[in-house]
Amino acid sequence: MKTLLIRDADVVVTMDDQRRELARASVLVRGRAVEAIGPAEGLPREADEVIDARGHAVLPGLVNTHHHMYQSLTRAVPAAQDAELFGWLKTLYPIWARLTPEMVRVSTQLAMAELLLSGCTTSSDHLYLYPNGVRLDDSIEAAREIGMRFHAARGSMSVGESAGGLPPDALVEREDAILADTQRLVETHHDAGRYAMLRVVAAPCSPFSVSRDLMREAAAQARALGTRLHTHLAENDHDVAYSRERFGMTPAQYAESLGWVGDDVWHAHCVKLDAPGIARFAATGTGVAHCPCSNMRLASGIAPVRRMLDAGVPVGLGVDGSASNDGAHLLGEARMGMLLARVGRAMEPPAAGPDGRLRPGCDLGPAEMTARDMLAVATRGGAQVLGRDDIGHLAPGMAADLALFDLRTLPFAGGAVHDPVAALLLCAPAQAAWTVVDGRVVVREGRLATVDAGPLVERHNRLARMLVGGWR
């Protein structure tokens with residue numbers, strides 16, 4: 001098998017069980033997996049391919065647990081720039097109704113290119129509308145070409161406006177067709193094996209776009225097929241009000257009543273997850289995809305991530321849709337998640353300290369979200385949320401997914417010399433110099449190695465103009 005040596009890195013951030021950070025270290029990859037990791041003088045000096053990592057930090061490949069990649073075609077659409085979630089969706093649904101298979105393929109590859117250049121090696125994508133012959137297979141084809149490890153979520157909407165849902169009737173599907181296509185996709189594409197490059201997820205869209213019956217049946221089907229479950233939950237106050245008014249429950253209660261808790265389930269956002277909901281998620285191992293930039297962009301609020309983590313809820317990071325974030329830089333998302341958690345902590349009311357005196361909410365103390373905490377969410381946390389024990393940290397036998405960042409570049413000047421690991425988040429987000437997925441170099445010296453970025457961007461922009469302008 002081919003060997004790859006990442007040699008003489010300034011620091012290798014393993015994110016292993018001991019959270020080791022190894023100075024002047026190397027990583028040896030054989031085939032699809034890490035074979036050895038440790039001080040450079042103790043590892044070989046040659047391999048089939050050698051990356052000179054002097055001046056670089058090496059991280060486990062970052063993991064993105066929530067995205068809507070087709071939305072890269074509708075970034076910064078003027079009519080949706082200043083809307084909250086429900087208004088934003090109602091503005092964009094008619095535009096997305098014009099999506100074509102080509103648009104889905106190209107936008108998926110564009111979004112994956114952006115993620116790979118940010119050091120992300122594994123991504124989920126939640127595609128929940130299928131107009132004009134669009135199929136999830138279009139996204140799967142794009143992922144194979146560019147070389148990203150992919151969890152393809154077969155989303156769906158079945159309750160339109162006429163039945164009390166949010167999406168237009170023209171964008172919903174029959175529930176029997178949804179279940180049949182989900183089964184086809186799992187049986188055709190899903191790989192449950194170690195180092196799998198493709199897994200399929202059952203993912204009805206949200207409480208305001210699918211029925212209770214579909215939620216129940218999708219959960220039963222996914223468990224029978226051995227795949228995972230994903231949806232949106234408790235994203236903002238309107239989302240909570242909808243659940244209370246329509247179902248007479250909080251979003252967490254609604255999810256649990258339909259079988260949507262467990263260590264095979266993860267929910268996106270959970271900005272408004274209440275204390276009982278956090279407790280139930282922790283007790284059942286139910287995961288959360290935290291999407292800080294989207295939550296700010298749509299004015300949804302600040303998710304209680306520190307409280308979730310402290311309670312034992314599995315939490316991963318998500319860039320969310322490219323039209324509710326307008327970017328897909330996962331290291332930048334981690335930075336924003338760290339900062340937003342600190343703002344959320346500062347906004348909490350004063351609490352009594354051990355001496356009985358009130359402590360101001362801005363006294364972060366032991367509840368602070370550190371750079372290393374958020375790096376753990378972006379790596380190990382994401383792997384746990386996706387149900388993977390082969391990605392998320394670096395150790396012998398783990399998948400050969402790595403990202404290298406050049407600490408000698410302008411954004412890190414003055415920071416990397418003091419603490420190169422913290423500098424990755426505290427300094428301005430940088431692009432990866434190298435990204436390796438499954439032992440294959442997909443970003444080489446800051447440039448995509450599997451697709452030509454120039455023609456991809458040009459084609460994507462042409463399709464974006466067609467989609468929003470309404471012409472073919």
Margin query: Before you tell me yes or no, could you show the steps for H460 and S72 under side-chain hydrogen bond (donor to acceptor under 3.5 Å, both in side chains), namely the whole-Å CA-CA distance, both residues' side-chain angles and the distance that decides it to 0.1 Å?
Written below: CA-CA 9 Å; H460 182 273; S72 61; 2.9 Å; yes
Notebook entry, point to check: When you check the gap from the basic side-chain N to the acidic O, do R307 and D310 get nearer than 4.0 Å?
Noted result: no
Margin query: So does A97 get a backbone contact from the side chain of N132, meaning a donor-acceptor N/O pair under 3.5 Å?
Written below: yes
Next item on the list: Identify whether the distance between the nearest side-chain nitrogen and carboxylate oxygen of E161 and K90 falls below 4.0 Å.
Entry: yes
Item checked: For N325, the option from E333, Q71, R297 that meets side-chain hydrogen bond (donor to acceptor under 3.5 Å, both in side chains) -> E333
Item checked: NZ/NE/NH1/NH2 to OD/OE distance under 4.0 Å, D137 and R184 -> yes
Next item on the list: I would like to know whether S158 and E175 meet side-chain hydrogen bond (donor to acceptor under 3.5 Å, both in side chains); could you show each step before the answer?
Entry: CA-CA 6 Å; S158 67; E175 294 188 351; 2.7 Å; yes
Note to self: With a 4.5 Å cut-off on side-chain heavy atoms, are S257 and F247 touching?
What the structure shows: no
Next item on the list: If a pair satisfies salt bridge (Lys or Arg N to Asp or Glu O under 4.0 Å) and one of its residues is in residues 217-229, list it, with sequence neighbours excluded.
Entry: R223-D264
Item checked: Salt bridge R105-D138, side-chain N to carboxylate O under 4.0 Å -> yes
Checklist line | Smallest separation among heavy atoms of A113 and L456, with atom names | finding: CB-CD2, 4.2 Å
Next item on the list: Scan residues 189-208 for pairs that pass salt bridge (Lys or Arg N to Asp or Glu O under 4.0 Å), counting only residues two or more places apart or in two chains.
Entry: R194-D389
Next item on the list: State whether the side chain of R144 and the backbone N or O of L198 hold a donor-acceptor pair below 3.5 Å, judged by distance alone.
Entry: no
Notebook entry, point to check: If every non-hydrogen atom of A219 is compared with every non-hydrogen atom of G259, which pair is closest and at what distance?
Noted result: CB-O, 4.3 Å
Notebook entry, point to check: side-chain hydrogen bond (donor to acceptor under 3.5 Å, both in side chains) with T379: which residues, sequence neighbours excluded?
Noted result: none
Note to self: To check you understand the geometry: which heavy-atom pair defines the closest contact between M374 and A334, and what is its length?
What the structure shows: CG-O, 3.0 Å
Notebook entry, point to check: Heavy atoms, side chains only, cut-off 4.5 Å: are C293 and V319 in contact?
Noted result: no
Checklist line | Polar side-chain atom of Q109 near backbone of A142 as donor-acceptor pair, under 3.5 Å | finding: yes
Next item on the list: Cation-pi check, R154 to Y130: give yes when NZ or CZ is under 6.0 Å from the six-membered ring centre and within 45° of the ring axis, no otherwise.
Entry: yes
Check: ring pair (Phe, Tyr, Trp, His ring centres under 6.0 Å) with Y195: which residues, sequence neighbours excluded?
Finding: none
Notebook entry, point to check: Is there a donor-acceptor pair under 3.5 Å between the side chain of N295 and the backbone N or O of C291?
Noted result: yes
Checklist line | Within-4.5 Å side-chain heavy-atom neighbours: V240 and D274 | finding: no
Check: So do K272 and D237 actually touch side chain to side chain, heavy atoms under 4.5 Å?
Finding: yes
Next item on the list: Check whether any side-chain N or O of S118 sits under 3.5 Å from a backbone N or O of H329 as a donor-acceptor pair, and report yes or no.
Entry: no
Check: Are any of the side-chain heavy atoms of F405 and L331 separated by less than 4.5 Å?
Finding: yes
Next item on the list: Check for a donor-acceptor pair, side chain of T65 on one end and backbone N or O of A289 on the other, with a separation under 3.5 Å.
Entry: no
Check: Partners of T74 by side-chain hydrogen bond (donor to acceptor under 3.5 Å, both in side chains), sequence neighbours excluded?
Finding: W96
Notebook entry, point to check: If we only count heavy atoms from C-beta on, is the H190 to L185 side-chain gap below 4.5 Å?
Noted result: no
Next item on the list: Count the heavy atoms belonging to other residues, nucleotides or ligands that lie under 6.0 Å from CD of Q18, then report whether that count exceeds 12.
Entry: yes
Checklist line | Any L317 side-chain heavy atom under 4.5 Å of L330 side chain | finding: yes
Next item on the list: Return yes when atom CZ of R19 has more than 12 non-hydrogen atoms of other residues, nucleotides or ligands closer than 6.0 Å, and no otherwise.
Entry: yes
Checklist line | Closest non-hydrogen atom pair, I278 against P304 | finding: CD1-CG, 4.0 Å
Item checked: Donor-acceptor pair, side chain of H393 and main chain of T14, under 3.5 angstrom -> no
Note to self: Filter on ring-ring contact (aromatic ring centres under 6.0 Å, His included), then keep only pairs touching residues 202-230, sequence neighbours left out; what's left?
What the structure shows: H66-H230, F86-F208, H126-H230, H230-W266
Next item on the list: Can you see which heavy atom on W260 is nearest to which on P204, and at what distance?
Entry: CH2-CD, 3.6 Å
Check: Below 4.5 Å, heavy atoms only, C-beta onward: do E145 and M112 meet side chain to side chain?
Finding: no
Checklist line | Pair D373 + R306, salt bridge at N-O below 4.0 Å | finding: yes
Next item on the list: Heavy atoms only: give me the nearest L99-L467 pair and the separation to one decimal.
Entry: N-CD1, 3.7 Å
